[in-house]
Amino acid sequence: QVQLVESGGGSVQVGGSLRVSCAASGKTNKMGWFRQAPGKEREGVASIYSGSGTTFYGDSVKGRFTISLDNAKNTVYLQMNSLKLEDTAMYYCAAGRYGVLPLVKDSYDYWGQGTQVTVSS
């Protein structure tokens with residue numbers, strides 16, 4: 001069992017930046033960030049394969065968000081720049097045992113409790 005603890009959410013104005021972090025209690029093959037806004041499905045934001053460092057991004061965040069992994073600390077980060085109102089959501093960290101389907105939520109085995117990100121005008 002892998003425990004995930006997110007931190008770093010908060011409120012920011014449109015165009016601003018925010019970084020969220022997720023500390024894992026163990027190693028897995030992939031880690032990702034998902035988000036869920038009220039009334040919407042949970043969607044894949046970004047993912048990284050732990051071994052190769054290969055990254056994947058959802059279309060709505062490409063060029064604005066960057067995922068990174070500190071293997072020594074078992075911590076994954078999501079740097080969010082040029083934030084938009086539609087980025088407002090609860091952001092969840094996830095970890096998966098298998099390095100496949102990086103942006104598919106059902107391919108992940110462990111989930112954090114979530115951290116709220118609110119973007120205002």
Side-chain angles (χ1 to χ4, degrees):
Q1 189 77 7
V2 174
Q3 309 294 326
L4 303 172
V5 179
E6 301 107 331
S7 61
S11 297
V12 65
Q13 290 191 320
V14 169
S17 298
L18 205 60
R19 189 177 82 157
V20 291
S21 304
C22 172
S25 63
K27 293 188 183 295
T28 55
N29 277 308
K30 66 174 184 269
M31 295 190 74
W33 287 97
F34 290 75
R35 68 185 182 187
Q36 188 167 18
K40 293 190 175 182
E41 292 284 323
R42 189 170 297 191
E43 66 168 336
V45 175
S47 176
I48 185 166
Y49 285 166
S50 304
S52 65
T54 304
T55 57
F56 305 86
Y57 295 94
D59 289 340
S60 60
V61 306
K62 281 180 183 176
R64 300 188 298 122
F65 290 12
T66 303
I67 189 171
S68 60
L69 176 64
D70 185 332
N71 274 309
K73 296 181 179 180
N74 281 348
T75 299
V76 65
Y77 305 94
L78 184 68
Q79 177 67 43
M80 303 180 284
N81 298 329
S82 302
L83 283 159
K84 304 176 180 180
L85 292 173
E86 52 264 41
D87 294 319
T88 295
M90 184 71 78
Y91 283 70
Y92 296 91
C93 175
R97 291 175 292 174
Y98 305 106
V100 295
L101 302 176
L103 293 177
V104 176
K105 63 182 186 296
D106 292 341
S107 74
Y108 285 80
D109 305 288
Y110 311 105
W111 291 85
Q113 293 299 308
T115 185
Q116 178 68 37
V117 171
T118 302
V119 184
S120 60
S121 58

Practice item. Would you mind listing the cluster partners of Tyr49? Hydrophobic ones only (ILVMFWY), side-chain contacts under 4.5 Å, chaining allowed. Key: Phe56, Leu103
Revision key, fill the gap. From the list Met90, Gln36, Arg35, side chain to side chain contact (heavy atoms under 4.5 Å, CB included) partner of Arg42 resolves to Gln36
Review point. Which atom names give the shortest non-hydrogen contact between Ala37 and Ala89, and what distance separates them?
Key: N-CB, 3.9 Å
Review point. Can you hop from Val61 to Val14 via hydrophobic side chains spaced under 4.5 Å?
Key: yes
Revision key, fill the gap. By salt bridge (charged side-chain N to carboxylate O under 4.0 Å, His left out), Arg64 pairs with (sequence neighbours left out) Asp87
Review point. Roughly how far, to the nearest 0.5 Å, is the CD1 atom of Ile48 from the OG1 atom of Thr54?
Key: 8.0 Å
**Study point:** Residue pair Val104 / Ser107: nearest heavy atoms and the distance that separates them
**Key:** O-OG, 2.8 Å
Exercise for review: Would you mind telling me which of Trp33, Tyr108, Tyr57, Phe34 makes a side chain to side chain contact (heavy atoms under 4.5 Å, CB included) with Ser47?
Suggested key: Tyr108
Exercise for review: Look up atom OG1 in Thr75 and atom CG in Leu4, then write down how far apart they are to the nearest 0.5 Å.
Suggested key: 10.0 Å
**Study point:** Heavy-atom closest contact (Tyr92 atom, Gln113 atom, distance)
**Key:** CE2-O, 3.4 Å
Practice item. Rounded to the nearest 0.5 Å, what's the gap from CD on Gln13 to OG1 on Thr118? Could you check? Key: 12.5 Å
Review point. Using 30° and 60° as the class limits, which term best fits the ring planes of Phe65 and Tyr91: parallel, tilted or perpendicular?
Key: tilted
Side-chain polar contacts of residues 16-29 - donor-acceptor pairs under 3.5 angstrom, sequence neighbours left out - could you list them?
from  : atom 1 : to    : atom 2 : distance (Å)
Ser17 : OG     : Asn81 : OD1    : 2.9
Ser25 : OG     : Gln3  : N      : 2.7
Lys27 : NZ     : Asn71 : O      : 2.8
Lys27 : NZ     : Asn74 : OD1    : 2.9
Thr28 : OG1    : Lys30 : O      : 3.2
Asn29 : ND2    : Arg97 : O      : 2.4

Check your understanding: Nearest heavy-atom pair of Val119 and Leu83: which atoms, and what distance?
Key -> CG2-CB, 3.9 Å
Review point. Looking only at heavy atoms, what is the nearest atom pair of Val76 and Cys93, with distance?
Key: CG1-SG, 3.9 Å
Point to revise | Nearest-0.5 Å distance that lies between atom CE in Met31 and atom OH in Tyr110 | key: 11.5 Å
Check your understanding: Run the side-chain contact (heavy atoms from CB on, under 4.5 Å) check on Met80 and Val12 step by step: do they pass?
Key -> CA-CA 11 Å; Met80 303 180 284; Val12 65; over 6 Å; no
Review point. Are the side chain of Ser82 and the backbone N or O of Gly15 linked by a donor-acceptor pair below 3.5 Å?
Key: no
**Study point:** Shortest non-hydrogen separation from Ser60 to Glu43 and the atoms involved
**Key:** OG-OE1, 4.3 Å
